[in-house]
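This one's a predicted model, so the numbers in the text were calculated from it and none came from an experiment. Residue numbers begin at 1 in each chain, while the letters A, B, ... track the order of the sequences.
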Amino acid sequence: MADKERSYDPSAVEEKWQKYWDDNGVNSFTTDELKSAEAPFYNLMMFPYPSAEGLHVGNIYAFTGADVHGRYQRLRGKNVFEPIGFDAFGIHSENFALKVGVHPMDLIPKNVANFTRQLRRIGGMFDWDHTVDTTDPAYYRWTQWVFLQLFKSGLAERKEAPVNWCPSCMTVLANEQVVGGLCERCDTPVEQRKIAQWFFAITKYAQRLLDNLDGIDWSETTTKAQRNWIGRSEGAELAFPLVPGEAGPEPVDAESVRARDEAHTIRVFTTRPDTVFGATFMVLAPEHPAVDLLVTDEEREAVEAYRKEAAATDLVARQKTDKTKTGVFTGGYCRNPATGQAIPVWIADYVLMDYGTGAIMAVPGHDERDFEFAQEFGLAIPRVVAGEGEDADTPLAEAYVGPGRLVNSGRFDGMEKDVAIRAITEWLGERGLGELRVNFRLHDWCISRQRYWGPPIPVIHCDSCGPVAVPEEDLPVVLPRVEDFKPDDSGVSPLARVKEWYEVPCPECGKPARRETDVSDTFLDSGWYFLRYPSTDFDDRPFEEEITKRWLPVSTYIGGNEHAVLHLMYSRFLTMVLHDLGHLEFEEPFSRFRAHGLIIRNGAKMSKSRGNVIVPDPIIESFGADTFRLYLMFLGPFEEGGDYRDEGIEGPRGFLYRLWDAVLGAEEKAPDPDVERKLHQTIEQVTDQIPTLQYNTAVAALMEYLNTVRAGGRTAARAEVEPMVAMVAPFAPHIAEELWESLGHQGSIFDGNPWPEFDPEKARESTVEVAVQVNGKLRATIHVPADAPQDVAEAAAREQENVLRYLEGTTVRKVIHVPNRLLNFVVG
RNA sequence: GCGAGAGUGGCGGAACUGGUAGACGCGCCAGAUUUAGGAUCUGGUGGCCUUCGUGCCGUGGGGGUUCGAGUCCCCCCUUUCGCACCA
């Protein structure tokens with residue numbers, strides 16, 4: 001064979017096959033094919049944000065892992081749809097554009113072109129006829145449509161919410177622009193400001209988002225993160241009536257309590273209603289509206305000062321723990337519904353306005369934070385729960401949060417904590433002062449951004465009609481090109497400066513009205529993109545019914561765990577909403593999700609500041625995409641990531657060179673039985689491990705097999721190497737195509753249905769090695785026929801000198817036999 | 001602090017339901033080839049030893065269960081990631 005002399009030239013091979021794939025549409029679907037695919041497999045990966053730096057190895061790692069999965073499914077006969085796109089709206093692009101002084105509308109196409117080049121170069125099986133770019137009006141037209149669906153069904157509402165505000169730059173800042181409480185640009189301390197923003201009512205779906213987690217096949221780390229984020233907690237809401245005028249104990253009387261102004265009742269959420277007898281004071285969030293009702297003239301000044309200070313602290317720093325508790329007394333009192341005592345009401349920033357009711361009953365004896373606060377301000381700390389060996393008078397050196405019986409709790413004394421939770425809530429409930437309640441940590445999703453680089457929110461504000469939806473037929477509301485897109489001191493989006501854009505007639509009454517000038521969150525762009533991919537051929541609807549029915553939900557979604565909560569939660573939420581509105585038949589978008597690990601380099605995290613970032617282009621240039629892909633998949637378990645060591649790439653590189661030589665030098669001859677046995681063992685392992693993403697061990701198995709094929713410098717038989725080419729194809733698709741062709745096949749290997757069939761008979765070993773132990777210590781290994789019974793193995797073992805030495809002068813009490821593995825003599 | 005995960009040779013990492021620890025690869029050592037280097041090929045490579053023996057020790061540390069523990073149980077240490085006053 002003349003081929004024998006041909007040496008492996010990765011760049012030539014890769015260029016040839018990338019061109020072949022493009023020219024022959026090997027990886028693309030036509031609309032008809034999408035409608036009629038018999039074995040659809042939707043292989044999705046998280047689309048990248050096209051940065052100016054180009055693809056990061058982290059991206060390549062993720063995409064390669066996903067691509068291996070997709071290519072494997074295709075080799076097994078599935079119709080694999082593997083799209084890619086660009087998540088190009090958002091603050092990253094906007095900030096970068098501001099920094100380099102280039103308009104994002106000019107910048108993004110360049111970045112996208114560069115990403116596209118790189119993505120082709122790594123040999124992903126992407127359908128380039130079905131890409132998505134979130135900044136394309138043809139795409140965000142439907143992002144706006146999604147907004148309208150929520151708006152029309154009452155799931156989008158406008159309410160006031162705090163934002164980070166830099167008083168020096170006079171602009172709204174995103175959380176990531178606040179560094180250590182300071183504006184990242186000018187180092188001025190950041191404040192909060194309240195502005196009206198759009199929210200999606202994801203909290204209405206909290207329970208369903210939680211319950212559905214049981215029915216989907218996701219990485220456990222991811223579902224756990226979601227559960228945590230949803231943060232369901234069971235407890236009670238209790239009512240504490242305000243005490244007007246003078247403080248002091250008054251008899252509790254149900255009638256007079258009810259008669260008192262209902263509005264003058266402070267509700268608290270607690271998971272420990274059993275400790276209500278120990279609630280000796282109350283704490284409100286500084287922003288709580290009841291503060292105005294409560295504050296006395298003497299305290300007004302201090303309270304106002306504290307509120308001001310809390311407001312001036314930015315949203316990020318406000319949440320820092322381990323600082324000592326601060327707070328001030330309002331001068332007002334409310335009544336503990338259980339004891340009837342008037343208790344003082346304080347405000348403190350450790351109580352958050354946006355969780356529960358923004359107010360807590362403070363039980364210093366049994367809550368660590370309340371204990372700390374009470375100590376700081378010299379408040380009483382009574383005990384109402386007694387643990388093992390404690391009684392009502394046992395002093396408290398710290399908050400006791402363990403199990404126990406109630407004490408100092410009137411008629412509930414002696415009751416177990418868990419029983420008391422229900423009993424006390426019911427008792428208070430009889431007077432309308434308490435009910436069991438479930439609370440979630442999940443917050444509504446604020447989708448407003450006072451920015452330029454995003455899709456305009458499709459709403460028109462009319463003085464007579466209020467906020468009105470832009471009619472669907474008027475979509476998209478195109479983002480105008482604004483040269484000066486820098487956020488300014490207005491506190492609203494730069495679009496608010498473009499009069500000719502925002503001045504429009506009201507769609508309902510026709511009077512002059514004003515467009516919403518905020519744009520929407522990038523997570524809204526990425527919250528539904530997977531629905532769009534297969535339907536990009538349709539410009540009259542977001543997703544075509546027949547195709548959507550055939551291809552969704554997504555078969556496998558692979559991505560980073562940094563999106564475990566936000567992106568994945570929002571996608572699930574939007575899918576549920578679209579389902580409820582009748583647009584989709586399913587309510588969970590991703591049947592199977594797997595989180596990949598992170599790549600580090602030489603034991604250290606990669607970062608620009610350390611200057612140890614892997615730049616992929618030169619590596620691909622000198623080693624080829626196949627070697628790079630193979631190495632990335634080999635260096636560690638895909639779901640855990642791995643340590644990229646520069647020298648390590650030599651292993652996979654050598655493997656492909658040896659594979660090349662072995663295949664091109666293969667002869668037409670009968671396969672060696674030992675090699676064939678190893679082949680089938682390899683088929684079994686690789687077929688088992690690729691779909692479960694155990695790529696590193698699958699690659700190791702292929703290397704081991706090639707070592708067997710070449711052992712002692714022997715020439716391979718064609719039947720020994722042909723199946724190996726198919727098994728290598730998911731990892732190194734270009735060389736696989738070339739070798740497949742050299743073996744005389746026509747067309748792409750990925751259309752050739754080449755995956756080898758595992759034959760257990762051929763994989764079976766005739767003799768096996770069995771470890772012989774005496775009292776659990778290895779003393780010999782013997783070779784016996786496979787599945788040999790115990791007496792055969794034992795007889796063989798007793799022929800071993802070393803075994804006899806250890807058995808001599810002892811009594812064999814027991815013999816443990818694990819067929820084909822081990823024989824253990826237990827002697828005494 | 002809470003939640004999740006991880007600690008195995010010089011390094012990245014293997015090890016099925018508890019059953020021969022260190023597969024595969026890097027690096028290193030020796031040899032072959034080569035003017036030399038690189039590349040390639042062959043063999044070796046956990047530690048210890050006046051005993052070189054299928055000897056002893058060995059999977060972060062300490063206990064335990066078992067014929068047998070990297071794997072199971074208890075306590076502790078280290079570390080990575082996420083959330084961070086969530087009442």
What is the separation between atom [atom1] on [X] and atom [atom2] on [N], rounded to the nearest whole Å?
| X | N | atom1 | atom2 | value |
| --- | --- | --- | --- | --- |
| A/Phe655 | B/G12 | CZ | P | 23 Å |
| A/Leu632 | B/G13 | CG | C1' | 15 Å |
| A/Asn802 | B/C56 | CG | C1' | 14 Å |
| A/Glu220 | B/G5 | CD | P | 7 Å |
| A/Tyr350 | B/G1 | OH | C1' | 16 Å |
| A/Ile600 | B/G13 | CD1 | C1' | 12 Å |
| A/Asn439 | B/C85 | CG | P | 16 Å |
| A/Ile649 | B/G27 | CD1 | P | 12 Å |

**Q.** Upstream residue (5' side of RNA chain B) when A/Asn775 and A/Ala225 are each assigned their closest nucleotide
**A.** A/Asn775
Q: Please tell me which of A/Arg710 and A/Gly358 maps to the more 5' nucleotide of RNA chain B, matching each residue to the nucleotide holding its nearest heavy atom.
A: A/Arg710
Q) So does A/Gln773 reach the base of B/U20 with its side chain, donor to acceptor, closer than 3.5 Å? A) no
Name the orientation class of the two ring planes belonging to [X] and [Y] (parallel below 30°, tilted from 30 to 60°, perpendicular beyond 60°).
| X | Y | value |
| --- | --- | --- |
| A/Phe373 | A/Phe377 | tilted |
| A/His596 | A/Phe638 | tilted |
| A/Phe758 | A/His680 | tilted |

Crowding at [atom1], [X] (>12 non-hydrogen neighbours, <6.0 Å):
| X | atom1 | answer |
| --- | --- | --- |
| A/Arg227 | CZ | yes |
| A/Gln375 | CD | yes |
| A/Leu566 | CG | yes |
| A/Glu398 | CD | no |

Can you tell me, in whole Å, how much space there is between the [atom1] of [N] and that of [M]?
| N | M | atom1 | answer |
| --- | --- | --- | --- |
| B/G5 | B/G10 | P | 29 Å |
| B/G63 | B/A69 | P | 14 Å |
| B/G70 | B/A21 | P | 8 Å |
| B/C52 | B/C67 | P | 35 Å |
| B/U59 | B/C72 | C1' | 16 Å |
| B/A15 | B/U71 | P | 15 Å |
| B/U8 | B/G60 | P | 6 Å |
| B/C11 | B/U17 | C1' | 32 Å |

From the list [options], which nucleotide is the closest neighbour of the side chain of [X]?
| X | options | value |
| --- | --- | --- |
| A/Thr697 | B/A4, B/A15, B/C85 | B/A15 |
| A/Glu769 | B/C85, B/A87, B/U20 | B/U20 |
| A/Arg645 | B/U54, B/A87, B/C11 | B/C11 |
| A/Thr781 | B/C24, B/G5, B/U54 | B/U54 |
| A/Phe269 | B/A23, B/C83, B/A87 | B/A87 |
| A/Ala780 | B/U54, B/G3, B/C81 | B/U54 |
| A/Lys325 | B/C67, B/C57, B/C85 | B/C85 |
| A/Arg441 | B/C83, B/C67, B/C85 | B/C83 |
| A/Arg658 | B/C41, B/C56, B/A4 | B/C41 |

Could you tell me whether the phosphate oxygens of [N], OP1 or OP2, come under 4.0 Å of any side-chain nitrogen or oxygen in [X]?
| X | N | answer |
| --- | --- | --- |
| A/Arg779 | B/C56 | yes |
| A/Tyr806 | B/G55 | yes |
| A/Asn707 | B/G25 | yes |
| A/Arg227 | B/C2 | no |
| A/Lys777 | B/C67 | no |

Q. Does B/G9 fall in syn (glycosidic angle within 90° of 0) or anti?
A.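 With its glycosidic angle within 90° of zero, B/G9 counts as syn.
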Q) If only atom types and distance count, is the side chain of A/Gln226 paired as donor or acceptor with the main-chain N or O of A/Ala564 below 3.5 Å? A) yes
Across the strands shown, which category fits [X] at heavy-atom distances under 4.0 angstrom: base, sugar-phosphate, nothing?
| X | value |
| --- | --- |
| A/Phe373 | nothing |
| A/Asn696 | sugar-phosphate |
| A/Arg601 | nothing |

**Q.** Centroid-centroid distance, A/Tyr657 to A/Tyr8, less than 6.0 Å
**A.** yes
**Q.** Partner of A/Thr708 under side-chain contact (heavy atoms from CB on, under 4.5 Å), chosen from A/Met703, A/Glu720, A/Lys678
**A.** A/Lys678
Q: Please work out which residues in residues 816-824 of chain A have a non-hydrogen atom less than 4.0 Å from an atom of RNA chain B and list them by number.
A: A/Ile816, A/Val818, A/Arg821, A/Leu822, A/Asn824
Q: Stems involving RNA chain B: give each as a range paired with a range, ordered by first number, where a stem means at least three consecutive Watson-Crick or G-U wobble pairs under 3.5 Å.
A: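 Expected stems, ordered by start: B:1-7 with B:77-83, B:10-12 with B:24-26, B:27-32 with B:40-45, B:46-48 with B:55-57, B:60-64 with B:72-76.
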Q. What's the verdict on side-chain contact (heavy atoms from CB on, under 4.5 Å) for A/Gln681 and A/Tyr705, showing C-alpha distance, side-chain angles and the deciding distance?
A. CA-CA 9 Å; A/Gln681 291 169 354; A/Tyr705 176 59; over 6 Å; no
Q | For A/Phe634, ring-ring contact (aromatic ring centres under 6.0 Å, His included) partners two or more places apart | A | none
Q) Does some side-chain heavy atom of A/Met633 sit less than 4.5 Å from a side-chain heavy atom of A/Thr64? A) yes
